[in-house]
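Report on the following structure.
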Amino acid sequence: MPTLHAASDSSERGFVEPPPRRVTELAWWALGVGGVALVGYGLVRRRRPLAPEVVARTVTVGVDPEAAARAWQADPASRQYDTPEFRPAPGGRGAEVTLRWASRVPTRGFAGLMAKSVGADPVTALAKALRRFKQQVEVGEVPTTDGQPRGAGRRPR
Amino acid sequence: MKAVCWHGPEDVRVERVADPRILNPRDAILRVTLTAICGSDLHLYNGYIPTMQAGDILGHEFMGEVVETGPAVTYRRVGERVVVPFPIACGRCAMCRSEQWSLCDNSNPNAHLAEALYGFSGAGLFGYSHLYGGYAGGQAEYVRVPFADVGPLPVPPDLSDEQVLFLSDILPTGYMAAENCGIQPGDVVAVWGCGPVGQFAIKSAYLLGAERVIAIDRVPERLRLAESAKAETLDYEGTDVVEELKQRTGGRGPDACIDAVGLEAHGTTPDALYDRAKHAVSLATDRPHVLRQAIQACRKGGTVSIPGVYGGFHDKVPFGAAFAKGLTLRMGQTHVHRYLRPLLARIQAGQLDPAAIISHRLRLDDAPRAYRVFRDKQEGCTKVVLRP
């Protein structure tokens, strides 16, 4: 039958005194941080594609598919990408342009989030390339603010 | 040149900066002759709009004289006097071609930021954060105007700067707010906020056929201004606004409600205090107290029109009420380009006198004081214009 004096009974059987509370807390923290790091590392490893992952983005431009294809061929900045797919947009809205890219940078899960946070996300890169193409086709220039005046202070990134 | 630069909450400075230059072929450079502080600039001043950076040049209500044009500019000429819409529109994308100019696909160089936050990006705006493109604003001696053939409207010589300046934003904004109400003869329209946009919404509601307009605010001089525009007034302090509006509309509620306040609503009701508490500890960007009242007060099948600026995510907005009552909600940045010529014609015809709302005429150098006075509604301030 257990009694209220069980702890003192244990001491009598030679158990050592528990470490001070602060040391115990530190040990738990170390275990926790280590665990999170291990899980994160595992996720990154698991999500890293063995083969390139094909990502795609689409934009609608206000010219017909043939004109869009010609504009793509004529644009030197487009040469780093494969040729997109051009198809008519419904309602006479021009051309839907789909660009695909085989990327080794992960796009999903924890690893994808990390890639996005450091600006290495392939989907964002595709979206920027397509937006630039749309601006060139529709307005003949890529609007910029680089080189405009500003007051003292941090430069925009 | 001199320019009004943002350096943080409640910190704007007049600084010497480089002159603007042509960066894109369709740009023009303007010598600014008159500019104004907008109520929505106060959201920047108070630090509630994200992605501002120290040194950003403020101002989206301005006009001036063309002093330089880019090689692809066809219609604008050096020496022309123009007023400039605050949204920057390319004029060629599907949105611009359907006259939804403030939703231009191509004018925001930082569209990826807006897409991450909102799903899609609207147009770039002058002087209104990097989320909206990071364009330098017009509270300066000179300003670069992209797509100069599309936005700027030449001004007839017989009209003064003060008569046409507000075509850049607040006059079309008030007008679009009233137009979005789909006003029918006999309609009663309630307008929350008797600042400049609210005043123009009141005038526009009458121009579009409203029978009665009820204006809601607490600042005496603003309520007086609304009265002079033939609005009935309602001081919200110490009043149950929703019940009072029901009483004044035969128990039906207003046919349309205009929220001309936006994200920095004041109030003393529990929900307003709750908003303020969340705001104070940075758990919320917006205080949608007026929006809640407008939805609650609007009659069944009515329209809530929202020209007031909102930026973030709303808590405790009675969407169930909007659904149950079959309300129409209409909102968005103003498609200024659409309204420039019709409203200019109304000014020329004497139907509108936008200059009447100006209470303070100051120099650009006075901008720091002007922001403070306008924000705190000191000295009976209803609208500040700055002359560079």
Side-chain angles (χ1 to χ4, degrees), chain A residues 55 57-64 67-68 71 75 88-97 99 107 112-113 115-157, chain B residues 1-8 12-27 51-58 70 72 88-97 104-112 115-116 121 123-124 130 133-136 140 142-144 146-147 150:
Chain A
V55 293
R57 267 291 172 272
T58 302
V59 74
T60 300
V61 297
V63 295
D64 62 55
D75 184 3
R93 279 178 282 193
E96 292 175 356
V97 184
L99 187 55
T107 59
L113 203 64
K116 200 167 190 172
S117 69
V118 297
D121 169 35
V123 176
T124 304
L126 280 188
K128 281 186 179 175
L130 285 172
R131 186 176 305 113
R132 187 188 164 285
F133 174 64
K134 178 180 166 73
Q135 289 167 331
Q136 281 287 7
V137 169
E138 292 187 341
V139 296
E141 62 181 50
V142 178
T144 184
T145 55
D146 291 344
Q148 70 177 5
R150 54 182 295 105
R154 191 161 64 91
R155 299 269 128 196
R157 283 195 298 158
Chain B
M1 69 166 182
K2 283 183 192 173
V4 179
C5 300
W6 184 93
H7 280 273
V12 299
R13 305 172 197 169
V14 179
E15 288 185 56
R16 287 240 167 239
V17 302
D19 287 349
R21 55 195 174 87
I22 302 286
L23 298 176
N24 284 112
R26 298 171 69 192
D27 290 351
T51 72
M52 287 296 289
Q53 293 178 6
D56 286 347
I57 298 174
L58 295 169
I88 300 166
C90 76
R92 295 184 185 168
C93 68
M95 292 291 114
C96 290
R97 282 187 279 120
C104 174
D105 280 339
N106 291 316
S107 63
N108 185 353
N110 298 331
H112 61 285
E115 283 172 3
S121 171
H130 292 262
Y135 286 100
Y142 294 90
V143 63
R144 176 179 74 107
F147 304 116
V150 180

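Letters A, B, ... are given to chains in the order of the sequence lines, protein chains preceding strands, and every chain is numbered from 1.
- Proximity to chain A is limited to the side chain of Phe147(B), based on heavy atoms less than 4.5 angstrom apart.
- Inter-residue side-chain proximity for Pro143(A) and Pro146(B) is flagged as unmet; no heavy-atom pair is nearer than 4.5 Å.
- Heavy-atom distances place the backbone of Val142(A), and not its side chain, under 4.5 Å from chain B.
- Note: Ala111(B) leads Ala111(B), Ala3(B), Ser107(B) in heavy-atom pairs under 4.5 Å with chain A.
- Pro149(A) approaches Asp19(B) most closely through the heavy-atom pair CG-C, 4.3 Å.
- For chain A, the nearby parts of Ala136(B) are the backbone and the side chain; heavy atoms of each come within less than 4.5 Å.
- You'll find the side chain of Thr144(A) reaches within 4.5 Å of the side chain of Asn24(B), heavy atoms only.
- With contacts defined as side-chain heavy-atom distances shorter than 4.5 Å, the pair Gln53(B)/Arg150(A) qualifies.
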### Task
Please lay out, stage by stage, how Asp105(B) and Lys134(A) fare under the test side chain to side chain contact (heavy atoms under 4.5 Å, CB included).
CA-CA 9 Å; Asp105(B) 280 339; Lys134(A) 178 180 166 73; 3.2 Å; yes

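- Side-chain atoms of Gln148(A) do not come within 3.5 Å of backbone N or O of Arg144(B) as any donor-acceptor pair.
- Considering every non-hydrogen atom in both Cys5(B) and Gly151(A), the closest pair reads SG-CA, 3.6 Å.
- In this structure, the portions of Arg26(B) lying under 4.5 Å from any heavy atom of chain A include both its backbone and its side chain.
- For the pair Arg131(A) and Glu115(B), the salt-bridge criterion is met [side-chain N within less than 4.0 Å of a carboxylate O].
- Asn106(B) and Val139(A) get closest at one heavy-atom pair: ND2-CG1, 4.0 Å.
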